[in-house]
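Please read the structure below before turning to the comments.
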There are 2 protein chains.
Amino acid sequence: MKPSRRPTAHDVAALAGVSQSAVSRAFTPGASISRRARLLVQQAAETLGYRPNLIARSLITRRSGTIGIAIGYMDNQFYPAMLDAMCAGFAAAGYRVLLFTPGPGGDPDPILDEVLRYQVEAVVLASARLTSHFAEQCSQARVPVVLFNRRTERATVSSITGRNREGAAEIARFLIDGGHLRFAYVAGLEDSSTSRDRERGFVDTLRQAGLTPATRVVGHYDFALAREAARTLFSAPSPPDAIFCANDHTAFAVMQTAQAEFGLRVGTDISVVGFDDVPLAAWPAFDLTTYAQPIRPMAERVVAATLAHLADPLCPPIQEQVDGSLIVRGSARLPPRRHS
Amino acid sequence: MKPSRRPTAHDVAALAGVSQSAVSRAFTPGASISRRARLLVQQAAETLGYRPNLIARSLITRRSGTIGIAIGYMDNQFYPAMLDAMCAGFAAAGYRVLLFTPGPGGDPDPILDEVLRYQVEAVVLASARLTSHFAEQCSQARVPVVLFNRRTERATVSSITGRNREGAAEIARFLIDGGHLRFAYVAGLEDSSTSRDRERGFVDTLRQAGLTPATRVVGHYDFALAREAARTLFSAPSPPDAIFCANDHTAFAVMQTAQAEFGLRVGTDISVVGFDDVPLAAWPAFDLTTYAQPIRPMAERVVAATLAHLADPLCPPIQEQVDGSLIVRGSARLPPRRHS
DNA sequence: CACGCATTTGCATACGAATGCAAGGGTCCG
DNA sequence: CGGACCCTTGCATTCGTATGCAAATGCGTG
């Protein structure tokens with residue numbers, strides 16, 4: 001009772017006294033097979049411990065049933081949470097997820113090759129580092145690409161993002177209403193569309209209000225570098241009193257540096273606002289005012305967009321912005337109450 | 001210039017004027033092929049945008065080159081970090097990673113079936129929920145299983161863990177030396193070997209020192225539930241002054257609840273210690289004393305153990321404990337200095 | 001009982017690449 | 001110049017499953 005190899009459909013067929021075709025059909029929902037035959041096959045499969053080989057199936061159906069997800073920034077809680085949600089979404093749709101984590105210094109190209117060789121049916125990109133060139137190659141190989149939380153200039157590839165401009169603008173208005181005067185923006189990566197869009201929304205709103213332009217530092221979406229940026233900010237002759245950060249992760253770095261190294265009380269002396277509303281933001285230690293990018297809906301949209309491309313290869317690029325909302329907590333001074 | 005299908009080795013062969021075998025050999029390092037032929041093939045492949053179909057290759061080599069990783073608890077920073085590291089490790093070894101995230105309420109069985117059908121060559125389990133039954137089935141299907149951060153009673157399946165008993169014992173001694181008197185343990189899940197081992201190490205050390213046994217509450221590795229547990233703890237008539245938590249994530253919940261809801265100063269009024277040393281633990285806001293489970297080395301050991309099983313199917317179960325070390329920060333009162 | 005129709009079944013082939021085998025080509029030596 | 005030997009090459013087969021097609025079966029009706 002110790003087969004040297006894994007049992008195949010042929011083995012099952014022999015035991016059940018049917019043909020290999022019957023075994024195949026027994027495992028294909030909706031295939032033409034009698035109840036009796038299906039039962040025979042199921043029993044034989046049970047005793048042999050047979051499981052259909054999805055590799056072989058993929059070869060013949062020309063569908064791997066696999067989605068590639070390239071994701072970086074695993075230290076920013078937003079991404080693991082999204083990964084989790086997307087994974088669940090794809091699983092529910094009958095797809096498996098092949099994970100690629102391009103290391104910080106890593107060259108994206110070998111990864112790209114891996115992804116495409118593996119016949120993934122689509123790729124979800126959630127890593128700023130390898131966006132444009134990567135997306136290019138994929139679409140050239142006829143593999144749909146969905147960018148998550150980033151976009152390219154050319155509207156040629158699908159993307160799901162939050163309302164970065166609008167969210168940042170809302171934050172700017174909130175801070176303006178709060179009576180702040182000296183604004184700062186802590187950028188993410190220079191070549192990140194997300195960081196740029198948020199900056200644009202923030203800066204434009206300040207300008208329209210006729211206020212002093214925001215100081216600008218760069219945190220590179222990295223905790224240590226964001227702390228460095230914060231030090232620059234607070235060491236300046238006239239430090240800011242309202243700091244908008246490219247994302248929550250950056251905001252955590254900034255607010256802790258303000259407290260620990262400059263003795264500033266966040267929410268009183270200065271206001272810090274983030275973007276994402278990761279679970280951490282709600283923790284008492286942070287109580288971060290931020291703009292929520294809802295994980296679940298965004299994951300759903302990513303999955304839906306991907307499936308749309310798979311259903312119709314000619315489907316034009318889908319570019320969606322998922323609604324968010326300002327989450328007011330204690331890290332930023334509140335505007336005075338208008339009524340009552 | 002718009003091929004309806006992806007180019008195959010045959011297409012490349014035709015263009016290069018060689019046989020399909022030659023194409024295959026051109027992409028197989030160390031295969032018997034002349035420099036000239038390899039170049040011809042490479043050029044043809046380039047112009048056609050050909051990439052070897054790994055699915056087809058897997059079928060014939062009987063090696064999918066894929067490792068399944070089932071991971072839960074993505075809200076605990078420890079797991080995303082490990083996932084990242086393991087992914088990199090497997091990628092470096094030429095393997096791809098198929099990710100499975102069993103939802104909290106999800107039934108593990110369908111996932112298991114998926115994993116095995118997909119011909120993963122091995123499975124890494126980092127989710128307490130589906131440990132024993134799952135591992136059983138996998139080894140029955142001759143798929144090596146490596147448990148990460150958990151183990152089973154029977155020594156039949158490989159596992160990589162930290163030194164839970166020893167680490168917890170060291171923490172106990174540290175807290176005893178710090179002059180604490182009323183100890184508490186915030187457990188993770190009841191059926192988690194990791195939580196049990198840590199509790200054992202902690203409790204045994206207290207007993208050996210002749211101290212009052214630790215109060216015990218259960219946080220289920222969940223932030224909200226851990227906060228609930230902390231409330232129970234601090235509302236007691238004689239609340240503890242030294243709290244050891246099953247992991248850092250739990251410790252964060254406990255220390256924030258202590259501060260925000262009970263006005264306790266962590267590190268002064270009470271001491272809180274965690275286990276894992278996730279990046280968050282070093283943040284100024286937490287400054288958590290904890291026992292480090294080093295991500296990189298652990299990931300390396302997981303990869304190494306997995307590869308060992310793949311290299312030799314008869315390889316006996318590998319059960320390793322990776323050394324850790326106590327990281328003293330500010331969340332727990334220090335023992336008095338002995339010397340100088 | 002014969003017939004038509006619907007359902008089930010097996011046969012044979014296909015998916016795309018890897019590989020054992022034998023044939024082809026080249027080199028080197030006697 | 002012949003032969004031994006090594007390096008290349010193509011042919012044919014193989015992996016495990018899905019599926020078109022035709023044969024076979026079952027069922028209901030006239």
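Chain naming here is simple, since letters A, B, ... match the order of the sequence lines and numbering starts at 1 in each.
Computed from coordinates, the Asn53(A) CG to dC15(C) C1' distance equals 13 Å when rounded to whole Å. Rounded to a whole Å, the CZ atom of Phe27(A) is 12 Å from the C1' atom of dT17(D). To the nearest angstrom, P of dC15(C) lies 16 Å from CZ of Arg6(B). As rounded to whole Å, 12 Å separates atom C1' of dT25(D) from atom CZ of Arg36(A). Atom NE2 in His10(B) sits about 11 Å away from atom C1' in dG10(D), given to the nearest Å. Rounded to a whole Å, the CZ atom of Arg62(B) is 6 Å from the C1' atom of dC15(D). Residue Ile33(B) contributes atom CD1, which lies 15 Å from atom P of dA17(C) at whole-angstrom precision. Here dT7(C) presents its C1' atom at 13 Å from CZ of Arg38(A), a figure rounded to the nearest Å.
For Tyr50(A), a side-chain nitrogen or oxygen approaches OP1 or OP2 of dT17(D) to under 4.0 Å. For the OP1/OP2 pair of dC15(D) and a distance below 4.0 Å, the side-chain nitrogens and oxygens of Arg57(B) include no atom meeting the criterion. The shortest distance between the side-chain N/O atoms of Ser21(B) and the OP1/OP2 oxygens of dC11(D) is not below 4.0 Å. A close approach under 4.0 Å does occur between a side-chain nitrogen or oxygen of Ser19(A) and OP1 or OP2 of dG10(C). Distances shorter than 4.0 Å separate some side-chain N or O of Ser24(B) from OP1 or OP2 on dA18(C). Between Arg25(A) and dT17(D) there is no side-chain N or O to OP1 or OP2 distance below 4.0 Å.
Within the nucleic acid shown, Ala37(A) comes within 4.0 Å of sugar-phosphate atoms alone, with no base atom in reach, counting heavy atoms only. Contact annotation for Thr8(A): backbone-only contact, meaning every heavy-atom pair under 4.0 Å involves sugar-phosphate atoms and none involves a base. Residue Leu59(A) is in base contact, counting any heavy-atom pair closer than 4.0 Å across all strands shown.
Side-chain atoms of Gln119(A) and Arg6(B), non-hydrogen and from C-beta on, do get closer than 4.5 Å to each other. The closest side-chain heavy-atom distance from Thr306(A) to Phe90(A) is below 4.5 Å. Using a 4.5 Å heavy-atom cutoff, the side chains of Val143(A) and Leu116(A) are in contact.
Defined by atom type and a distance below 3.5 Å, a donor-acceptor pair is present between the side-chain atoms of Tyr221(B) and Ser192(B).
Both Ala56(B) and Val18(B) lie near DNA chain D, and the one whose nearest nucleotide falls closer to the 5' end is Val18(B). Both Thr61(B) and Arg35(B) lie near DNA chain D, and the one whose nearest nucleotide falls closer to the 5' end is Arg35(B). Between Gln20(A) and Ser34(A), it is Ser34(A) whose nearest contact on DNA chain C lies nearer the 5' terminus.
With dT9(D), dT9(C), dC15(D) as the candidates, the nucleotide lying closest to the side chain of Ser32(B) is dT9(D).
Ring centroids of Tyr118(A) and Phe100(A) are separated by 6.0 Å or more, keeping the two rings apart.
Smallest separation of non-hydrogen atoms from Arg301(B) and Val322(B): CG-CG2, 3.7 Å.
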